[in-house]
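For reference, the structure discussed in these notes is given below.
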Amino acid sequence: MAEHRYDPKQIEPRWQQVWADERTWEVPNDPDAPGERSYVLVMLPYPSGEPHIGHLKVYSVGDAVAHFHRRIGRRVLNPMGYDAFGLPAENHAIRTGQHPRESTDRSIAEFRRQFREWGMSIDWSREFGTHEPRYYRWTQWIFLQLFKAGLAYRKEAAVKWCPVDQTVLANEQVIDGRCERCGSEVEARQLEQWFFRITDYADRLLADLDTIDWPANVKTMQRNWIGRSEGAEVVFRCEELGIDYPVFTTRPDTLFGATFFVMAPEHPDVLRLAEGTGREEEVRAYVNRALTESNQERGAADKPKTGVFLGRYVTNPVNGEKLPMYVADYVLMEYGTGAIMAVPAHDERDFAFAQAFDLPIRRVVADPDGDGELPYTGDGPLVNSAPEFDGMHNREALRAIVDWLDREGKGHASVSYRLRDWLLSRQRYWGCPIPIVTCPSCGLVPVPEDQLPVELPDITDYAPKGRSPLAAAEDWVRTECPSCGGPAERETDTMDTFVDSSWYFLRYCDAANDEAAWDPKVVAEWMPVDQYIGGVEHAILHLLYARFFVKALADLGHLDVQEPFSRLFTQGMITRDGAKMSKSKGNVVSPREIVDRYGADTARCYILFIGPPEHDADWSDEGVEGVHRFLGRLWRLAAEAAEDGPIRGDVVAPGGREGLQGADLQLARKANWAIEKVTADLGDRFAFNTAIAAIMELTNEVSRLREQTSPDVRRFALATAASLLFPFAPHVSADAYERLTGRRVWEEPWPDADPALLEQDVVEIVCQVNGKVRDRVSAAPDAGDEELIALAKAAPNVQAHLDGKQVVKEIVVPGKLVNLVAR
RNA sequence: GCCCGGGUGGCGGAACUGGUCUACGCGGCGGCCUUAAAAGCCGCUGUCCCGCGAGGGACGUGUGGGUUCGAAUCCCACCCCGGGCACCA
């Protein structure tokens, strides 16, 4: 017998060559082609250096899904591109003086090389980087559509500024008062910035979460982020100055308990209100301190309450009481109206403030369990309010009071959101230029669409100076106003890279189109994405922005879908020794080393075998060896079995159920069991680990029964194993399958289990006495209850435990178990 | 503090809607092959107890209760780990 050695270095390049030469995974746009469509998409990578183990995991998951969908007969779109603009490449440029394009393109080449080496079934004809003018031309086009629709606008705003990266940040990029990217504390600045009006879509972004199949935790995170609160706007009037101050409250039922009024330090009227009260200096000092304080210091919930009396009063619209006005930093300008009514008896923050400033506290909601300590935030009947509301349950009173306010013109029902508009401009170089020209006479003028793209000019000094490095490219900045022809200046800010990635999935559908961003008819063939796969770290940012873009573009008539991603899967991290891999910890496993040592099939298969893909998993060098052994065993068994030539005819169990007996029948059954198991694991859920375990079991069974089975049944079992393994380890599977059958596994339909071979002739019945397993007996699968009870009672160890007892109850689970209850 | 996940052998993990706890893999132990090794192959492997043995028993899914003929699975309380949110009125 010839020596067979599993050598991935021989096998893998050979099949990669076939797939590249034949462009196997390319799928042309063809709305008329028959068959179901499946758009399987993994979040596009940020190309920096080379791929890490997380990339290997997420693309292994995506590729397994893509392969499975193809094999069950769908037309699968599985594209690849690069999120190529961004700060790391620019920071590298600042350090080395090298153009970010060069380092980016070098990284892209390495990513591409490794993706091919991993044997990913990608349609390379649709590849692009978001930094290519051919792509960002259309990013600019989308910006202009939003601008013309009033969904992109410029305004001066208090923004978050990162002093290290020297740029403004979106709210979503500020974590605990620190820059998400570099960790430095952000500062507040007043700057003119570009925004997308995502808040217009808050309600729809919230409501449509119910229409998509996403992990519950991601939906919850988005819901929290949007932060919809129902309540009322209530107008409090400052009689002395004759100014109305509306406040937002979720608790209009507690209006009678308001004992003071608080404004945010940023509120534009604060200083004016204090004027002439003799408190100006104190107020001014407080406001200045609050504004320069970092978010970190100000944001802490357990911080003692501070504030200053403004020397003015407002009138409570429900009872005419005069409430003292304060300025305090626990009230935020960005939320609601920047002013609140304070009800210390029923709000913890107001309570803390009232205690610190010795303000009155009046209970207006009784505790049904007996009034305890204040503040009380639960429900109960109203007290100390007005005769018509006292005694009414507060939930009911809430509606009644809002109705009353509405009738009196003093307020109305209202909804407030935590979500803010998306700040998209960045004072950095390596991003998509904003296609706007500022003209002294015409104002903000969009660059005409036929002049797109506004290309990013080459510069030599990338260092940030508090304004965009692009401002130094004077020849580029100076331009003509597209409207009046006069001298004008280009916008020098660039776009947040999240803009680039908010529509890339649309471009994949029609990547070669140079006449338009996409043809709506072509996009209709693929969108929405059937299965989106990526990291949970994008739960809010990217996934919310992409949803907003799709809705806005649909409203503008460019798209026919409301949601970009029908199903979402979020994969867990790969750790090592229980910790996140990082260079400083020295616990990094590089995909390149693993692929080099064991081959791509082992690397991919192991990473899917390690555990449920949605969970974090710890890397183990020994575990890799185990999977490598398994692939080697399967391949060797196949090579051995194929020595007499491939199976002729269909690859089914030869002879069917009738012609099989003994070990042949046992093995054919195992193969059919594996088909059913793997199909369910891939179809219903992402249980790659148990699917691979089932294929291991089948392979072990072939090995164990090697001497007792006929060659045809053995080859059938091995071909089945190879076929089922293909989505996880494509090279070795293709190789083994070809040896066994002479055919290409990816051209074969997914195997069907033969129902006749799934049935068992005998089943094992567990016999319990009082719920404890005492024996096992064999029975026909369709044996009746009486028969099973009789068998159980006859089992020796059951008898031993029934000795001297009376059976009082008999429970039968057909085909599985008998439980005898005895006393 | 609030909202989600999750605690199963020495380890990663299986166990579908309440019905054989620990599949598969790792590690460990023993054996085969070999001059030897590597590779490969075969067997055993939750803990404790009784038995020379075949075998049997008790315990066992973070802790304590409960429901049930029967609980890793359902209910209540608590502990620990991970994640998200957190002065949002």
Side-chain angles (χ1 to χ4, degrees), chain A residues 5-6 176 215-221 223-225 227-229 231 247-251 254 262 264 298-303 305 328-332 334-343 346-350 352-353 416-420 536-537 539-540 572-573 606 609-612 614-627 629-630 632-633 636 677 680-681 684-685 687 689-697 699-700 703-704 706 764-776 796-797 800-801 808-813 815-822:
Chain A
R5 202 183 152 73
Y6 170 51
D176 288 335
N217 62 327
V218 176
K219 287 189 182 185
T220 304
M221 283 159 78
R223 282 196 192 102
N224 290 344
W225 190 260
R228 183 181 200 271
S229 296
V247 302
F248 175 76
T249 177
T250 54
R251 295 294 304 277
T254 63
V262 190
R298 183 172 162 186
D302 47 2
K303 193 187 90 158
K305 293 281 178 285
D329 66 1
Y330 81 93
V331 174
L332 308 174
E334 311 95 85
Y335 187 76
T337 62
I340 63 157
M341 67 170 200
V343 183
H346 304 290
D347 181 285
E348 288 175 15
R349 299 150 299 175
D350 297 345
F353 191 87
S416 201
Y417 298 92
R418 210 189 83 113
L419 182 71
R420 318 265 194 274
V536 73
E537 64 274 18
I540 299 171
M573 220 175 25
Y606 170 65
F609 180 67
I610 193 169
E614 65 273 27
H615 292 165
D616 291 352
D618 208 55
W619 182 270
S620 140
D621 291 333
E622 293 78 28
V624 186
E625 298 271 1
V627 169
R629 273 199 284 272
F630 155 63
R633 181 182 313 137
R636 241 177 294 109
K677 173 80 178 141
D681 285 351
D684 307 344
R685 52 210 189 124
N689 53 334
T690 51
I692 292 168
I695 304 167
M696 286 174 170
E697 284 194 54
T699 308
N700 291 345
S703 179
R704 206 174 305 125
R706 196 162 17 171
E764 191 182 59
I765 303 295
V766 170
C767 305
Q768 297 181 333
V769 177
N770 291 334
K772 288 193 194 300
V773 180
R774 295 303 179 189
D775 219 328
R776 285 140 219 261
N797 201 39
H801 282 89
V808 294
K809 197 169 178 185
E810 293 152 342
I811 289 135
V812 180
V813 181
K816 274 194 173 164
L817 165 145
V818 174
N819 185 16
L820 303 171
V821 185

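Just so we're clear, the structure is a prediction, and the values are computed from it rather than from any experiment. In what follows, every chain begins at residue 1, and chains take the letters A, B, ... in the order their sequences are listed.
Applying the side chain to side chain contact (heavy atoms under 4.5 Å, CB included) criterion to D681(A), with sequence neighbours excluded, gives K677(A), R685(A), A687(A), T690(A), A691(A). Partners of E697(A) according to the side-chain hydrogen bond (donor to acceptor under 3.5 Å, both in side chains) rule, which considers only residues two or more places apart in sequence or in another chain, are K670(A). Shown here are the side chain to side chain contact (heavy atoms under 4.5 Å, CB included) partners of A539(A), two or more places apart in sequence or in another chain: V218(A), M221(A), V536(A). The side chain to side chain contact (heavy atoms under 4.5 Å, CB included) search around I765(A) returns V763(A), V777(A), A779(A), L788(A), V818(A), not counting sequence neighbours. Remark: R223(A) engages D210(A) in a side-chain hydrogen bond (donor to acceptor under 3.5 Å, both in side chains) (not counting sequence neighbours). With sequence neighbours left out, the side-chain hydrogen bond (donor to acceptor under 3.5 Å, both in side chains) criterion links E625(A) to Y598(A). Taking the side-chain hydrogen bond (donor to acceptor under 3.5 Å, both in side chains) definition, one finds that R704(A) meets it with E701(A), sequence neighbours left out. By the side chain to side chain contact (heavy atoms under 4.5 Å, CB included) test, R776(A) pairs with E764(A), V773(A), sequence neighbours left out.
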With 3.5 Å as the limit, what N/O pairs link the protein to nucleotides 52-62 of chain B?
from   : atom 1 : to      : atom 2 : distance (Å)
G57(B) : OP1    : R774(A) : NH1    : 3.3
G57(B) : OP1    : N797(A) : ND2    : 3.2
G57(B) : OP1    : H801(A) : NE2    : 3.2
A58(B) : OP1    : R774(A) : NH2    : 3.3
A58(B) : OP2    : R774(A) : NH1    : 3.1

Extract from the structure each pairing of a protein N or O with an N or O of nucleotides 36-41 of chain B at less than 3.5 Å, listing the distance.
from   : atom 1 : to      : atom 2 : distance (Å)
C41(B) : OP1    : R633(A) : NE     : 2.6

Query raised in the report: When you check every protein heavy atom under 4.0 Å of nucleotides 10-15 of chain B, what one-letter string (B, S, -) results, 5' to 3'?
Result: --BSSS

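Listed by first residue number, the stems of RNA chain B with at least three Watson-Crick or G-U pairs below 3.5 Å are B:1-7 with B:79-85, B:10-12 with B:24-26, B:27-32 with B:40-45, B:46-50 with B:55-59, B:62-66 with B:74-78.
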